[in-house]
Protein chains: 2
Amino acid sequence: MLNQSLRTPATTHAPIDPSSCSPAEQFFATTGHAGLIASEFTYKKEEEIYGEDEPSEYVYQVVSGAVRSYKLLSDGRRQIGAFYLPGDVFGLESGATHRLTAEAIVDTTVRLIKRRSLEQAAATDVNIARGLWSMTAGELRHAEDHMLLLGRKNAMERVANFLLEMDRRLAVAGMMALPMCRRDIGDYLGLTLETVSRALSQLQSKGILGFSGARQIELRNRAQLRNLDA
Amino acid sequence: MLNQSLRTPATTHAPIDPSSCSPAEQFFATTGHAGLIASEFTYKKEEEIYGEDEPSEYVYQVVSGAVRSYKLLSDGRRQIGAFYLPGDVFGLESGATHRLTAEAIVDTTVRLIKRRSLEQAAATDVNIARGLWSMTAGELRHAEDHMLLLGRKNAMERVANFLLEMDRRLAVAGMMALPMCRRDIGDYLGLTLETVSRALSQLQSKGILGFSGARQIELRNRAQLRNLDA
DNA sequence: CGACGGATTGATCGTGCTCAAATCATGTGG
DNA sequence: CCACATGATTTGAGCACGATCAATCCGTCG
């Protein structure tokens with residue numbers, strides 16, 4: 001088990017708090033009990049972690065940093081399916097290959113477990129098997145919500161939804177330090193970066209949020225934001 | 001165990017062919033070996049099978065007919081996440097409740113298994129547990145592909161993709177008998193019914209497809225259709 | 001300090017939506 | 001069996017939202 005030095009750039013986030021225990025976050029804890037070895041690894045900003053259709057060899061948990069997971073069309077159009085933040089598990093596949101590409105958005109440290117050893121553990125330990133299933137089900141829930149957003153919500157509703165999601169997942173003391181650029185946000189929300197920027201400016205002018213740097217955002221009126229999110 | 005008479009309207013499809021065995025289709029076969037009892041039930045056209053946030057009590061397999069699964073916004077905007085056709089399994093949840101509503105599009109017969117008995121079987125039989133996980137993973141794969149469609153494809157690409165998907169899933173002798181109306185297709189593709197209709201007309205005028213009734217479609221040039229689907 | 005990438009803002013354009021009307025298909029009752 | 005009613009589909013005209021193209025502005029890092 002490697003113990004990496006946490007080089008922490010401005011956009012990187014604090015390591016996982018063991019006291020916050022969502023199903024996904026508890027997962028790697030559970031695997032510990034099952035005698036599974038988790039090692040750590042660090043990816044540079046913009047580095048690919050795995051590619052679409054590559055064999056799935058590992059399951060990952062973000063320790064610090066942030067990851068984007070996306071699909072590309074042949075002409076370069078990109079749809080980001082999910083962002084993974086400290087504590088999140090990603091790269092778990094039931095089939096043999098990854099179906100999206102994963103990249104580090106900023107310098108990112110992950111804990112990782114061999115997929116093979118997980119499969120073996122699941123074959124004997126029903127709790128592990130249940131954990132794998134519910135983790136995939138959690139990703140499906142997110143995808144189902146996101147289909148509604150992409151298919152039926154307008155630009156402001158999408159951006160409001162994004163802000164509330166990020167607030168929930170990475171707010172510290174009422175502030176968010178977004179690790180991703182406007183283009184990433186656009187590619188997550190099915191919008192252009194300009195439309196994202198305009199929506200954010202509009203929210204600022206209404207006093208619903210405040211900036212201290214383009215990626216440091218403070219939500220000043222979550223209730224109003226929830227109204228804007230259909 | 002109810003044994004319903006199959007009243008088969010024009011838009012309904014033939015019952016499941018036991019020789020075609022996708023993972024999902026094999027599933028109910030597998031559960032048979034595990035001593036699980038599957039009963040049958042028939043829903044009328046437009047009838048709700050389960051609602052969003054209702055407790056998940058059963059898992060379903062379409063025997064004949066067709067089902068739409070969707071989410072609604074408060075103002076009535078609807079996003080259909082998936083259509084389920086003969087052989088397809090739906091309503092499987094890892095959590096306690098359904099996250100989408102399911103409705104019969106036409107008169108539909110389903111086979112069903114108590115969720116509780118499935119959970120019990122999964123607790124002892126690793127193969128069952130594996131089956132549950134891979135079924136949810138299959139739904140996730142579809143949702144990931146659909147997010148790319150909803151977020152980044154234009155109207156013609158979406159419609160071309162839809163036609164190829166339906167062709168693959170329900171074509172008989174080169175013909176498709178679509179069970180759903182244009183509004184359903186629109187709500188699946190994140191478009192209006194008018195835009196769907198215009199795209200289909202355009203494909204007809206190019207000779208890529210032929211109609212015999214608005215819902216009876218013959219694909220005349222699948223290669224060209226694949227080109228149109230980004 | 002200068003250079004570079006990221007973000008904002010503006011002007012214009014175009015795809016798909018909205019509103020509306022006509023046409024077609026389906027099923028029902030006389 | 002036909003006439004009609006009803007809902008589904010098609011088609012048209014105009015509009016609006018978000019995309020595109022372009023020009024600053026800003027922040028960060030060498």
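These numbers were taken from a predicted model, which means no experiment stands behind them. Letters A, B, ... are given to chains in the order of the sequence lines, protein chains preceding strands, and every chain is numbered from 1.
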Could you state the [atom1]-[atom2] distance from [X] to [N], rounded to the nearest angstrom?
| X | N | atom1 | atom2 | value |
| --- | --- | --- | --- | --- |
| A:Arg183 | C:dT8 | CZ | C1' | 14 Å |
| A:Lys45 | D:dT28 | NZ | C1' | 11 Å |
| B:Gln216 | C:dA25 | CD | P | 13 Å |
| B:Ile217 | D:dA8 | CD1 | P | 17 Å |
| B:Arg182 | C:dT23 | CZ | C1' | 14 Å |

Side chains of B:Ser56 and B:Thr97: any donor to acceptor distance under 3.5 Å? no

For B:Tyr70 and B:Glu103, which I'm curious about, is there any donor-acceptor pair between the side chains at under 3.5 Å? yes

Euclidean distance, [Y] [atom2] relative to [X] [atom1], rounded to 0.5 Å:
| X | Y | atom1 | atom2 | answer |
| --- | --- | --- | --- | --- |
| B:Met156 | B:Arg198 | CE | CZ | 12.0 Å |
| B:Leu200 | B:Ile217 | CG | CD1 | 5.5 Å |
| B:Ser39 | B:Leu112 | OG | CG | 4.0 Å |
| B:Leu225 | B:Leu164 | CG | CG | 4.0 Å |

Contact check, residues 187-203 of chain A vs DNA chain C, heavy-atom distance under 4.0 Å, returns A:Leu193, A:Glu194, A:Ser197, A:Arg198, A:Ser201

Tell me, which of residues 149-156 of chain B have any heavy atom that sits under 4.0 Å from an atom in DNA chain C? B:Asn154, B:Ala155

Is it the case that the ring center of A:Tyr60 lies less than 6.0 angstrom away from the ring center of A:Tyr84? no

Begin from the C-alpha positions of B:Lys71 and A:Asp145 and carry the test salt bridge (charged side-chain N to carboxylate O under 4.0 Å, His left out) through to its verdict. CA-CA 8 Å; B:Lys71 279 177 168 289; A:Asp145 292 341; 3.3 Å; yes

Does any N or O in the side chain of A:Arg182 come within less than 3.5 Å of the main-chain N or O of A:Ala214, such that one atom is a donor and the other an acceptor? yes

I'd like to know if the side chain of B:Arg158 reaches the main chain of B:Lys153, judged simply by a donor and an acceptor atom lying under 3.5 Å from each other, with no hydrogens or angles considered. yes

If the helix axis at each end comes from five base pairs, how far does the helix from C:dC1-D:dG30 to C:dG30-D:dC1 deviate from straight, to 10°? 30°

Picking from A:Arg68, A:Arg78, A:Met180, A:His146, what satisfies side-chain contact (heavy atoms from CB on, under 4.5 Å) with A:Tyr188? A:His146

Under 4.0 Å between a side-chain N or O of B:Arg215 and OP1 or OP2 of D:dT9? yes

